[in-house]
J.: 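The structure is given below, and queries will be raised subsequently.
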Amino acid sequence: MSAYQFTHHPHRSNSEGQITPPSNERTLRHEIWHRHAGDEWSAFEQLPPSIRQRLREHAYDAWSVNALILWRHYKRVHGPNRRAERALIRYLDYCERLERDAFATRYHNSYGTPLPHDAAVASILRYTAPATP
């Protein structure tokens, strides 16, 4: 099971039958992903440093609770090692590409032109540590 799955309709009942509160989210993310509830900061702190770094670098908010659910899955599959971390980072990068493609498609359908970032063939800016002298 993936923590990132195509999702429910917004503001409808969740799996416990509770009505989800309205959100200030104004993008199509709620149409693409299911966001698991939980303490985002606590979940973030439980992730390995390499995963936390990648979450900070992503072009979108990968939701720490979802990432922790995935991390627990990857640890079961690969063991708690660098291989599991690299596999999860690859999967998060894949999700980022899916989301960017969805946004680009929605933009093109709405405005008839490519997403400006894509039209400019711009890359996603990522933090890189400065070289040590």
Side-chain angles (χ1 to χ4, degrees):
M1 178 182 110
S2 171
Y4 295 101
Q5 298 174 343
F6 287 97
T7 184
H8 63 290
H9 297 288
H11 314 301
R12 300 250 174 110
S13 297
N14 62 19
S15 60
E16 289 83 37
Q18 300 168 336
I19 301 297
T20 55
S23 165
N24 66 352
E25 180 69 61
R26 298 293 178 251
T27 67
L28 62 104
R29 294 191 85 205
H30 65 277
E31 297 173 22
I32 301 172
W33 310 119
H34 171 76
R35 185 175 191 165
H36 292 275
D39 182 346
E40 292 287 328
W41 286 110
S42 174
F44 186 78
E45 292 298 319
Q46 294 177 57
L47 294 166
S50 63
I51 303 298
R52 291 193 310 250
Q53 178 64 36
R54 187 48 131 204
L55 291 178
R56 287 190 299 265
E57 294 173 345
H58 265 237
Y60 72 100
D61 177 5
W63 298 327
S64 300
V65 173
N66 288 33
L68 181 59
I69 291 168
L70 287 169
W71 172 238
R72 289 175 178 158
H73 169 75
Y74 277 81
K75 281 193 317 186
R76 281 192 305 275
V77 171
H78 299 290
N81 55 37
R82 291 285 301 150
R83 182 175 175 207
E85 290 178 33
R86 286 191 311 271
L88 178 53
I89 288 171
R90 278 192 309 274
Y91 186 72
L92 291 171
D93 290 347
Y94 169 70
C95 290
E96 180 184 54
R97 286 190 306 275
L98 288 176
E99 184 165 301
R100 289 193 72 244
D101 289 345
F103 275 82
T105 299
R106 173 71 61 92
Y107 187 90
H108 185 268
N109 291 342
S110 297
Y111 301 104
T113 61
L115 189 66
H117 193 87
D118 292 344
V121 193
S123 62
I124 295 173
L125 297 176
R126 306 246 191 243
Y127 173 80
T128 54
T132 55

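We use all heavy atoms of the structure for the numbers below, so side chains are in, but hydrogens, waters and symmetry mates are not.
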J.: Side chain to side chain contact (heavy atoms under 4.5 Å, CB included) with T105: which residues, sequence neighbours excluded?
T.: N109

J.: Determine the minimum heavy-atom distance between S123 and H117, stating which atoms define it.
T.: O-NE2, 3.5 Å

J.: Using side chain to side chain contact (heavy atoms under 4.5 Å, CB included) as the criterion, list what pairs up with E45, not counting sequence neighbours.
T.: none

J.: Between H108 and P114, which heavy-atom pair has the shortest distance, and what is it?
T.: CD2-N, 3.9 Å

J.: Taking ring-ring contact (aromatic ring centres under 6.0 Å, His included) as the test, write out the residues that go with H58, two or more places apart.
T.: Y60

J.: Could you tell me the separation between the OG atom of S64 and the CG atom of L70, rounded to the nearest 0.5 Å?
T.: 11.5 Å

J.: Less than 4.5 Å apart, side chain to side chain, heavy atoms only: is that true for R52 and F44?
T.: yes

J.: For residues 95-102, which side-chain donor-acceptor pairs fall under 3.5 Å, sequence neighbours excluded?
T.:
residue	atom	partner	partner atom	Å
E96	OE1	R126	NH2	2.5
E96	OE2	A59	N	2.6
E96	OE2	R126	NH1	3.3
E99	OE1	R29	NE	3.0
E99	OE1	R29	NH2	3.4
E99	OE1	W33	NE1	2.6
E99	OE2	R29	NE	3.1
R100	NH2	D118	OD1	3.0

J.: Should we say atom CZ of R83 is surrounded by more than 12 heavy atoms from elsewhere, each under 6.0 Å from it?
T.: no

J.: Could you pull out the closest heavy-atom pair between L55 and A67, with the gap in Å?
T.: CD1-CB, 3.9 Å

J.: If you measure from CG on L88 to CG on L92, what distance do you get to the nearest 0.5 Å?
T.: 4.5 Å

J.: By side chain to side chain contact (heavy atoms under 4.5 Å, CB included), which residues pair with A84, not counting sequence neighbours?
T.: W71, Y74, H78, N81

J.: To the nearest 0.5 angstrom, please state how far the CG atom of N66 sits from the CD atom of E40.
T.: 7.5 Å

J.: To the closest 0.5 Å, what do you measure between CG (L68) and NE2 (H73)?
T.: 13.5 Å

J.: Describe, in one word, how the ring planes of Y94 and Y91 are oriented to each other, choosing from parallel (under 30°), tilted (30 to 60°) and perpendicular (over 60°).
T.: tilted

J.: Apply ring-ring contact (aromatic ring centres under 6.0 Å, His included) to Y107 and list each qualifying residue two or more places apart in sequence or on a separate chain.
T.: Y111

J.: From Q46 CD over to I51 CD1, what is the distance, rounded to the nearest 0.5 angstrom?
T.: 13.5 Å

